[in-house]
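Structure first, commentary second.
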Amino acid sequence: MFKTKMNPNLLGLLPVFIWGISIPVSKMLMMKLGFLAVMGGVQVICGTLGMLNQTYLVKRKIPKDIFWNPYFYVRGAFFIGHIFLIFLANALITKNNVSLIILLNYFWPTAIILSSIALAGVRVTRPVFFVAGIILVLASLSFEILKPENIAMASLGEGWDGLACVLAFIAAILWGLYSAISRKIGDETGGSSAVPVYQIVLGTTLFLSFIPGMATWENLDAPTAIMFIGYGILMFIAYICWDVGMRKGNIVFLSLCADFVPWISLTTAWILLDADLTVKTILSGVMLVFGAIITRYGTLVKKQIPQDLPPE
């Protein structure tokens, strides 16, 4: 999306680290500024930079006919729904349990494969590996969240932690649906040029809502403002660099590197938020990633690999 002589594989690696720190950093900002301020502000920053990039660097206007295509709005509903729910889940979860929504959000690689089978014509080529991978992914999530003795929700702390876990899981499913429908009819609905539109619509809507208690701008000091703006810029860079990597880089290499996102995120949450990072959590993360890899392998044709589209 922008002109560069840098190695596309190196550019494609940047989003892995940015998305890895996304949930812990946004949690820190929301603890100080509130849910609406952070999510609305970040989306406005990303959307505005995206529009400027397309206008002055890519020099490509948004096709007006996409606004008459109903699938443009279907894509938008999935995209906006994913972002809204994962930010809301992050706002509701208690600090010590951030690792739970990190793991649940990383259901998205499996959700992409399942949605692509249903919507984008992807075929299961190795049924045994496909089923084994799905079972491993679900087992890894159950291992972390459910108590083995009574198969009930584990002690998730006080407040809204249980609801946050449900929302994070739904957000991952929505990203799978968005990715699958984008793969199938993305070009007809504006491709990547539609993303800034979705972001600006979501961001401005949140800013205009002014829900009491959801934004606390009085806590905005200089260091927080720098982190806030920097976070928005980094998220924009992540989308741009992933696009370059997917179009010009080694898809196999970048798809495998993307599997490190949850481990980076768990480590960042442990460092920045002092979130619980037990042996059980680490084991669950390992099982989750390997389950996603095995599921992906179950849909591959020889010497081919599907393109995954990670979230923030």
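Annotation: side-chain contact (heavy atoms from CB on, under 4.5 Å) contacts of A168 (sequence neighbours excluded): I86, A89, I101, L104. The side chain to side chain donor-acceptor pair (under 3.5 Å) search around Y73 returns none, not counting sequence neighbours. Remark: T267 pairs with I271 by the side-chain contact (heavy atoms from CB on, under 4.5 Å) rule, at least two apart or across chains. Listed by chain and number, the residues in a side chain to side chain donor-acceptor pair (under 3.5 Å) with T224 are K32, D221 (sequence neighbours excluded). For the side-chain contact (heavy atoms from CB on, under 4.5 Å) test, residues two or more places apart in sequence or in another chain that qualify with A172 are F107, W108. In this structure, F78 has no ring-ring contact (aromatic ring centres under 6.0 Å, His included) partners at least two apart in sequence or on a different chain. Among residues two or more places apart in sequence or in another chain, the ring-ring contact (aromatic ring centres under 6.0 Å, His included) test is passed with F130 by none. Every residue two or more places apart in sequence or in another chain was checked for a ring-ring contact (aromatic ring centres under 6.0 Å, His included) with F290, and none qualifies. With sequence neighbours excluded, the residues forming a side-chain contact (heavy atoms from CB on, under 4.5 Å) with M287 are L136, A139, S140, L283, listed by chain and number. Every residue two or more places apart in sequence or in another chain that forms a side chain to side chain donor-acceptor pair (under 3.5 Å) with S26 is listed here: N90.
Two residues are said to be in side-chain contact when any heavy atoms from C-beta on lie closer than 4.5 Å; T278 and I282 fail this criterion.
Residue pairs meeting the ring pair (Phe, Tyr, Trp, His ring centres under 6.0 Å) criterion with at least one member in residues 261-283, sequence neighbours excluded: F260-W263. Under the ring pair (Phe, Tyr, Trp, His ring centres under 6.0 Å) criterion, the residue pairs touching residues 182-204 are F72-Y198, F79-Y198, with sequence neighbours excluded.
One side chain, Y231 or S22, offers a donor N or O that lies under 3.5 Å from an acceptor on the other. At a cut-off of 3.5 Å, with distance as the only test, no side-chain donor of T299 or R123 sits close to an acceptor on the other residue.
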